[in-house]
Amino acid sequence: MLETVKYLLGSTGASGFGSKSTAEQVTENSTDLRSITAIITGATSGIGAETARVLAKRGARLVLPARSIKAAEEAKARIMSECPDSEILVMALDLSSLNSVANFVAHFNSLGLPLHLLINNAGKFAHEHAISEDGVEMTFATNYLGHFVLTKLLVKTMVETAKETGVQGRIVNVSSSIHGWFSGDAISYLALISGNKSHYHATRAYALSKLANVFHTKELARRLQQMGANVTVNCVHPGIVRTRLTREREGLLTDLVFFLASKLLKTIPQAAATTCYVATHPRLFNVSGKYFADCNETTTSKLGSNSTEAARLWATSEFMVSRGPKAAFDLLKHLEF
């Protein structure tokens with residue numbers, strides 16, 4: 001009850017910011033990002049678009065990958081109208097396709113650009129069951145597996161950039177408090193819904209993908225530290241906000257729920273604040289493997305804090321990428337048998 005009151009009042013935490021803080025407010029101490037190159041997925045609308053706008057306003061060079069080049073060019077034009085000196089590159093990327101992810105990274109690397117900041121923001125909530133071209137349930141493929149591979153392929157560039165420039169690299173994974181709604185065995189459920197439509201539940205699938213983002217953050221932080229890399233990774237819950245994420249669930253019920261919850265909803269500038277804070281604020285130097293909400297460090301679900309499960313998902317993800325999801329799921333069935 002007390003936490004709810006604090007949220008509604010916008011009370012600040014240890015960071016000096018709270019639920020009512022905006023992305024522009026939290027980046028006031030990071031006003032000069034002209035030496036920073038940032039990749040932001042899902043930047044054509046909603047929280048990602050606001051994140052991109054604010055980072056551009058602070059001087060960062062932006063790379064905006066998107067499935068729709070037209071939508072990305074429109075997002076670029078909106079930013080350029082406010083920040084005409086911005087340097088913004090638009091590239092093709094479909095996170096649900098591992099081949100598209102590999103092509104994007106090859107294109108980016110061919111440009112010889114540094115990479116200081118990777119914001120894995122893109123998200124999908126699909127009411128209808130679908131399978132990616134790689135054979136993985138679509139929500140998981142888009143929200144987690146695509147970002148897992150994207151990050152894995154870009155880490156070397158980030159490590160090298162940090163070494164050459166002395167500027168610590170940062171990776172931000174956008175998760176959700178909904179990760180706490182998932183219980184059970186994550187990999188078994190993924191195998192189930194990747195092969196059987198009858199077991200699919202949209203909200204549970206979304207919660208699984210957001211839990212996977214938390215696991216990814218935890219295990220990647222451990223590996224970066226083990227490497228001695230000057231790169232950190234943290235995870236954020238942006239808050240509840242009505243964005244295009246709900247576009248497949250429009251209707252009377254959705255409208256009613258959002259109306260009744262309106263006092264708890266954030267504006268888009270407020271929802272982008274935690275991402276921008278974790279991506280840029282000086283006080284987050286050397287902070288890694290943590291989970292943030294309302295611009296303050298907080299705790300994940302009990303399952304989300306499980307290091308063993310995080311390492312298990314990482315190993316399964318690597319197997320899925322190298323051998324294919326079917327081989328990974330078949331192996332899982334064999335081990336369970």
Side-chain angles (χ1 to χ4, degrees), residues 23 33 36-126 128 130-134 136 138-154 157-158 171-174 209 238 241 243-248 250 268 271-272 275-276 279 321:
L33 299 179
I36 300 299
T37 298
I39 294 176
I40 309 170
T41 68
T44 58
S45 65
I47 296 168
E50 176 66 2
T51 299
R53 183 190 72 82
V54 171
L55 294 188
K57 185 173 182 177
R58 303 307 184 202
R61 174 200 284 134
L62 303 183
V63 177
L64 306 184
R67 278 189 308 164
S68 168
I69 294 298
K70 181 176 181 291
E73 289 289 358
E74 289 171 352
K76 174 181 175 179
R78 289 193 297 270
I79 296 171
M80 295 292 290
S81 68
E82 180 181 348
C83 312
D85 294 330
S86 299
E87 185 178 349
I88 303 174
L89 305 177
V90 168
M91 297 186 194
L93 172 63
D94 179 355
L95 282 162
S96 72
S97 163
L98 299 186
N99 185 58
S100 178
V101 174
N103 288 340
F104 166 78
V105 173
H107 184 191
F108 176 79
N109 286 339
S110 72
L111 301 176
L113 294 173
L115 182 59
H116 308 85
L117 182 55
L118 173 61
I119 300 178
N120 292 320
N121 166 81
K124 179 181 181 68
F125 187 116
E128 298 297 328
I131 300 296
S132 75
E133 66 180 45
D134 300 296
V136 182
M138 188 64 80
T139 303
F140 190 88
T142 304
N143 294 0
Y144 165 72
L145 191 61
H147 282 128
F148 171 83
V149 176
L150 179 67
T151 305
K152 185 177 177 63
L153 295 178
L154 288 171
T157 301
M158 295 193 73
I171 300 167
V172 182
N173 288 330
V174 178
S209 73
V241 58
T243 69
R244 293 189 66 205
L245 185 65
T246 61
R247 59 186 172 269
E248 295 182 40
E250 295 296 330
I268 287 176
T275 298
C276 289
V321 172

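A quick note: this is a predicted structure, and the numbers were derived from the prediction, not measured.
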Between Asp134 and Leu145, is there a side-chain heavy-atom distance shorter than 4.5 Å? no

Show, in sequence, the C-alpha distance, side-chain angles and deciding distance for Ile119 and Leu55, and conclude whether the side-chain contact (heavy atoms from CB on, under 4.5 Å) test is met. CA-CA 11 Å; Ile119 300 178; Leu55 294 188; 3.9 Å; yes

Would you say Val90 and Ile69 make side-chain contact, with heavy atoms under 4.5 Å? yes

About how many Å separate CD1 of Ile40 and OG1 of Thr275, when rounded to the nearest 0.5 Å? 9.5 Å

Answer yes or no: is there a side-chain heavy-atom contact under 4.5 Å between Pro114 and Arg61? yes

List the residues meeting ring pair (Phe, Tyr, Trp, His ring centres under 6.0 Å) with Phe140, not counting sequence neighbours, and say none if there are none. Tyr144

Please walk me through it: do Val174 and Ile47 pass side-chain contact (heavy atoms from CB on, under 4.5 Å)? CA-CA 10 Å; Val174 178; Ile47 296 168; 5.9 Å; no

So Met91 and Leu111, do their side chains get closer than 4.5 Å, heavy atoms only? yes

Can you check whether Asn103's main-chain N or O pairs, donor with acceptor, with His107's side chain at less than 3.5 Å? no

Under the rule for side chain to side chain contact (heavy atoms under 4.5 Å, CB included), what residues qualify as partners of Glu74, not counting sequence neighbours? Lys70, Arg78

Write down the atom of Met138, the atom of Ser96, and the distance for their closest heavy-atom approach. SD-CB, 3.4 Å

Check the side chains of Ser209 and Asn143 for a donor-acceptor pair under 3.5 angstrom, ignoring hydrogens and angles. yes

Which heavy atom in Leu95 sits nearest to a heavy atom in His147, and how many Å separate them? CD1-NE2, 3.3 Å

Closest heavy-atom contact between Ala272 and Thr51? CB-OG1, 3.7 Å

Heavy atoms only: give me the nearest Glu82-Lys57 pair and the separation to one decimal. OE2-CD, 3.9 Å

Tightest non-hydrogen contact, residues Ala66 and Ala72, listed as CB-CB, 3.8 Å

Within the structure provided, determine whether Leu62 and Ser86 are in side-chain contact (heavy-atom separation under 4.5 Å). no

side-chain contact (heavy atoms from CB on, under 4.5 Å) between Leu153 and Phe108, intermediate numbers included: CA-CA 11 Å; Leu153 295 178; Phe108 176 79; over 6 Å; no

Which atoms form the tightest heavy-atom contact between Ala271 and Val241, and what is the distance? CB-CG1, 3.7 Å

Please report the interatomic distance CD1(Ile171) to CG(Asn120), rounded to the nearest 0.5 Å. 7.5 Å

If we only count heavy atoms from C-beta on, is the Asn99 to Glu133 side-chain gap below 4.5 Å? yes

Do side-chain atoms of Thr41 reach the backbone of Asn121 as a donor and acceptor pair under 3.5 angstrom? yes

Give, for atom CG of Leu117 and atom CG of Leu33, the distance between the pair rounded to the nearest 0.5 Å. 8.5 Å

With a 4.5 Å cut-off on side-chain heavy atoms, are Val136 and Leu98 touching? no

How many angstroms lie between CZ in Arg53 and CD1 in Ile79, if you round to the nearest 0.5 Å? 8.5 Å

If we ignore hydrogens and angles and just use 3.5 Å, is the side chain of Lys124 paired with the main-chain N or O of Thr142 as donor and acceptor? no

Reported CG-to-OG1 distance for the pair Leu115 and Thr157, which is rounded to 0.5 angstrom: 6.5 Å

When rounded to the nearest 0.5 angstrom, what is the spacing between CD1 in Ile268 and OG in Ser45? 8.0 Å

